[in-house]
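Convention: sequence-line order gives letters A, B, ...; per-chain numbering from 1.
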Number of protein chains: 4
Amino acid sequence: MPVSDLLQRFEAVRRRTVRLVEPLSAEDACVQSMPDASPAKWHLAHTTWFFETFLLEHEPPFDADFRVLFNSYYQQVGDRHPRAQRGLLTRPSLARVLDYRAAVDERMQALLTHDLPPPLAERVALGLQHEQQHQELLLTDIKHLLSRHPLWPAYEAPNAAPESASETELDWLPVPRGVYEIGHAGDGFAFDNERPRHAVFLPGSEIASRPVNNREFLQFVEAGGYAQPQWWLAEGWDWRCAQQLEHPWYWRCTAEGWQEFTLYGALPLLRSRPVSHLSYYEADAYARWADARLPTEAEWEHAWTDAMARLPPREAWHPRAATDDGVGQVWEWTQSAYAPYPGFKVADGAIGEYNGKFMVNQYVLRGSSCLTPPGHARATYRNFFPASARWQMTGLRLAR
Amino acid sequence: MPVSDLLQRFEAVRRRTVRLVEPLSAEDACVQSMPDASPAKWHLAHTTWFFETFLLEHEPPFDADFRVLFNSYYQQVGDRHPRAQRGLLTRPSLARVLDYRAAVDERMQALLTHDLPPPLAERVALGLQHEQQHQELLLTDIKHLLSRHPLWPAYEAPNAAPESASETELDWLPVPRGVYEIGHAGDGFAFDNERPRHAVFLPGSEIASRPVNNREFLQFVEAGGYAQPQWWLAEGWDWRCAQQLEHPWYWRCTAEGWQEFTLYGALPLLRSRPVSHLSYYEADAYARWADARLPTEAEWEHAWTDAMARLPPREAWHPRAATDDGVGQVWEWTQSAYAPYPGFKVADGAIGEYNGKFMVNQYVLRGSSCLTPPGHARATYRNFFPASARWQMTGLRLAR
Amino acid sequence: MPVSDLLQRFEAVRRRTVRLVEPLSAEDACVQSMPDASPAKWHLAHTTWFFETFLLEHEPPFDADFRVLFNSYYQQVGDRHPRAQRGLLTRPSLARVLDYRAAVDERMQALLTHDLPPPLAERVALGLQHEQQHQELLLTDIKHLLSRHPLWPAYEAPNAAPESASETELDWLPVPRGVYEIGHAGDGFAFDNERPRHAVFLPGSEIASRPVNNREFLQFVEAGGYAQPQWWLAEGWDWRCAQQLEHPWYWRCTAEGWQEFTLYGALPLLRSRPVSHLSYYEADAYARWADARLPTEAEWEHAWTDAMARLPPREAWHPRAATDDGVGQVWEWTQSAYAPYPGFKVADGAIGEYNGKFMVNQYVLRGSSCLTPPGHARATYRNFFPASARWQMTGLRLAR
Amino acid sequence: MPVSDLLQRFEAVRRRTVRLVEPLSAEDACVQSMPDASPAKWHLAHTTWFFETFLLEHEPPFDADFRVLFNSYYQQVGDRHPRAQRGLLTRPSLARVLDYRAAVDERMQALLTHDLPPPLAERVALGLQHEQQHQELLLTDIKHLLSRHPLWPAYEAPNAAPESASETELDWLPVPRGVYEIGHAGDGFAFDNERPRHAVFLPGSEIASRPVNNREFLQFVEAGGYAQPQWWLAEGWDWRCAQQLEHPWYWRCTAEGWQEFTLYGALPLLRSRPVSHLSYYEADAYARWADARLPTEAEWEHAWTDAMARLPPREAWHPRAATDDGVGQVWEWTQSAYAPYPGFKVADGAIGEYNGKFMVNQYVLRGSSCLTPPGHARATYRNFFPASARWQMTGLRLAR
């Protein structure tokens, strides 16, 4: 990437993060609604910490305390403030964190006016991809926080929500038997976990042309699917029973019908929208009830590589009702546990902690969601969450 | 109380609460650091809710949602937002809560320009006492929040802390055997739990002329008192072991010696200051180690009625090193469980939930602390907390 | 007590414990159904450990490991096997524990053929009182274990249950105002917590002639008392809500009407029997609903001293439907927190851990129950349990 | 299988289960030491329940209550006694459970004298495989129970432990790149999760000739491996820190050197024995420290199919120090998450709950252990446990 492009891209990504926080008060940006979610202010600071730590390590720090306060999980960088206590950081204030961003941006911009050696340029690119990941987390974390408020306040005015549309019919696309390659190769950016490109054997199957939508999932709910153990993994059933769940997270049944909580506040449950905020357990149970299964990540990647390359750069805070693309509105659970590809190597140093150490008890999600920053997605992208996670924009696509 | 006095008093108390919040950012005022503590913003709103609910119930509400959001524990008023989730209320903002205060103040001021029937005037007086109680809680809750920040930030600048002073000698004052009366009688304000005045039999004992100070308590710590079960109640010992405690809450041992966390930030542990932030378990263990015991609340009240009447109206955020008064710097644990006085009656309606329903598994504290609003204390005052509570300004005085 | 009497009493008490275990299999005697309850085998061994530790400390131990395995809570004796893990002790077997009892009995019998110095004789007497306390616990612990079995098996055949009887009318007995003495004085055995006898001031009240019975308590249940927060202490209400309680422990509503679990298995809820297995919270809520209150322990002792002296030596595993005595069928919660009497002194050494270290967050129960060994009860006896305890034979008597 | 063979096999398997319980008292056989472990008595009864439920469903039950008491997890059979409460079942007694076994055996023997239709014969075979699985669990569960006893009692006398031997050298065996088939095909018994046989692509690698032994693992321990986060999966590190682990489960460091708890009681840690009782986290951390990785289950199966076919039918309660076989002493963690093979189908009815519903958040173990019943193992066998499980006989083999 030419120097000027990298600088331009740096500025665009950094600006977008600040823009995402604009609708929030200092209070909204400070509170942590559960251990898995981080305050918006923390996302603002941590993404800045990443550049300061990995690109500006030879300059005096903006504030030496921030090295600990805003380290997420890099053991090799040193101490970390405990994740579950990020919401206790009322200091620094939101204003001071924005100053921190501005100061680091200034230094980074100075750095980026020069030709960087490739390893450093790659590290900047990684920092920007990292920040884009946090952009999506920032939105899902704010959504969770607002959902815990008894009044279900909106992040953006409801009239900004994407419009309704008619339902797309579901087709089954063939995924032929044979040896194929998956994973990232070549020059463009990819995370370490997408590499190396390698051969897999696919058994021959079919995959749905679009994700499961709310109408379909509501049938499962109304047919009593949440009360019938035969559809559920044993661990999923225990999880459901412990919490007495009867429908997806963010749904509620009111006198006016089903609603879902969105970043636009409560909206009627539009039946043609992809179902979202499912756990792996719910996605798997639905698939079994529908006499199908979740795809493997290899099947998914083989089938959707082309469509992902054509994904339009849209931005919205809730999935559209239907898309011609068939992909890109919700992350899709696969049946594949998150594991290293054959020959996977972690990078040296603290950067090596980026992905590899999470490869246990998580499941791979493919595609991208309406909350994913435009341009961030790739066909080889491997998102991952524990089976019980429901606060991400997570849906499913059937295979058989 | 003449009308003009009540209005003047109303304005003074209400102003003081707002003043206490001035050093705080919106973020400081929003976060909840543990289920027992409430955000400062919540204290601002709830004390206002009290007047709106119990004095202005016939006027249209400032915001109908606030009826639920800021109800603390009055079952008869209706639903309540769960106590442990007060920190999730990023909305309304601090600014809007201050508007709420102003609007209710205006209505109350209008009400208070008229002669109120005695029951209503008493209710206003109760509302002000209630607000004063929350003023102290607001400070202890903020102290807890700041203490959970890794940098131990200050609420007020350290140079404002009360100065050092030499240690006061300890005398033993006689409490003679006989039948005495304790509890509140007469016209002045008192909470229902201080009534009725009633006879008690005192066995004859001695009570210390001042609370235990840091030097004395440090002896217990350095003698290994936290590792010797013989001084501890069994439940206290289990509590200590579960948390691996070795000294009081807010103390820490540094290379420069012992420090304590205060609202002025970290201060050196001044040995002549009354020890504070003790649980009942620690107070009781110390007393046993010192070959003494905690006083009963009847002994305490009998001995300190006069001194409490002479208490000067001082304000500070940490106890003074020594006082001529011998009282009024820290709340003092008594060995008395919090129980109804003979003939205790709760008021009718929701106000009746004020005190009586907490009379189990709590212990009475007597006196007042440096955080208690000037003029709020009384000799008959019965403060109460569970035996494990340590975030209040709680010390002890010996008896034998 | 003459030597021969002490020996005879020793043999009688020790035999009774073994007899209580006879209906149990080795499995019944081994399992621990909750951390608060101990296995019957453990009771057999621990009561023996008491004699071995405190009377035979100069003789070689039966088994050196037992010193740790069967120490309950005596820190000064040394290590203890954790209370919550008593059920893991499948070894020693029940048979070997019975051998342990026989061996210690033999040595104790040899000791008791000689004139013991008074301190040792007192210690033997304490050991026997201790064993009697464990006899009652053994029964309540077994009852809890059997109640957790889905089939509600019986400890003894149902036809052995005490017969039905008609309901006794309730009178109100006066407790006049004045200074009285309570507590134990004189030569007979009493625990340290019953001493010293001391003056108290009673305010003048009335106390019910008999405990609350099942019919009365069922009215509270059927009137919705478990769903109405106004009767409950705040902590009691939280406790009730957390467990979704709707009636007393061991009650169940079947197609054939209300039943209660007893040591005779499931029995119809006989309405004239004293209600039992209440927590303090439930007892207190009922009293408030009935426009009354719990008595203080001083009121109770003043009123029932004579009746306790006349208590017939009956034995049964469930309360009789009505008694002429008005007392002695169920323990009765008082509103008095368990606290030291003025001038209370603990004994020197490990024996001093017997009672004093439990004097926090417990409430005093007075009287005795049908499970209390005949001859064990006294008017000055102070039983105590936490407010949430429900597995003891605990009922209530009203005062006003 | 001819009728007479099935009968003979039935009798042998059933007898072995009873023999395994012979060293245990009724108390040992009743207690449950953690929710994951079941009492030996429950294993005896549940394996019998399996035959009664799935083969004798048309005959009157031995005891109708047992249908619920001894159902493990078959939702479609009906209610189940909660797993974590199996230890509360003091009734039926061990003796009665042995009667239950005898009665069901008698009926089964009658059934097995006739030619069974193939589906029924397969169900009998499944019941025997099921019972063999429980034989191993019975031993690991008893081992856990005895390990929780402070005296570390033995299941069998220490002198019966397998002898020491010198260490086997480690070779690296090639696993060539290419498409291979794994999974069960053909007529012999296999569980549903081993089917269907299907193609996989192997990337080309090397696999160790024997499992990691105690000497090697001790190097990791003594090099501080349990205190160095860089070797650990993030979740594994949190798990280690929460429990403050410093070495494998069942190891302890004494004045006489390292020991491990075994079914023969405490034994010196013999360095040439395979390391066992590791969690997935520990196995994975060791592999990373050793600059290697865990094999996939496909690599494992490809490499060890022949050796598994030649496994001698040995029985012992602790791994041998070294074996010529290179396999069969400890289960070996693979990096493969437990997932359905392509085309996996569950059986109809309750039997279909056998394996499929556990396919989430578990990892596959391959091989067999010294506790696996002789003849039960197969190269295609897929054992599975959660990543944190340590009470099974679980070790590891390296790949690279």
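- Only the side chain of C:Trp237 comes within less than 4.5 Å of a heavy atom in chain B; its backbone stays farther off.
- Counting heavy-atom pairs closer than 4.5 Å to chain B, the top residue among C:Gly236, C:Pro203, C:Ala199 is C:Ala199.
- Counted within 6.0 Å of CD on C:Glu246, heavy atoms from surrounding residues, nucleotides or ligands total 12 or fewer; the atom is thus considered open.
- Nearest approach of C:Phe201 to B:Val179, heavy atoms of both residues: CD1-CG1, 4.1 Å.
- The stretch residues 358-366 of chain B places B:Phe358, B:Met359, B:Val360, B:Asn361, B:Tyr363 near chain C, each with some heavy atom under 4.5 Å from a heavy atom of that chain.
- At a heavy-atom separation below 4.5 angstrom, chain C is approached by B:Gln335, B:Ala337, B:Pro340, B:Pro342 within residues 335-347 of chain B.
- Looking at C:Tyr73, there are no atoms closer than 4.5 Å to chain B (heavy atoms on both sides), in backbone or side chain.
- For residues 284-298 of chain B, a heavy-atom distance under 4.5 Å to chain C picks out no residue at all.
- Evaluation of the salt bridge (charged side-chain N to carboxylate O under 4.0 Å, His left out) rule for C:Glu235 yields no partner, not counting sequence neighbours.
- Within the model, atoms CH2 of C:Trp232 and CD of B:Gln75 stand 12.5 Å from one another, a figure rounded to the nearest 0.5 Å.
- Environment of CZ in C:Arg67: sparse, with no more than 12 heavy atoms of neighbouring residues, nucleotides or ligands closer than 6.0 Å.
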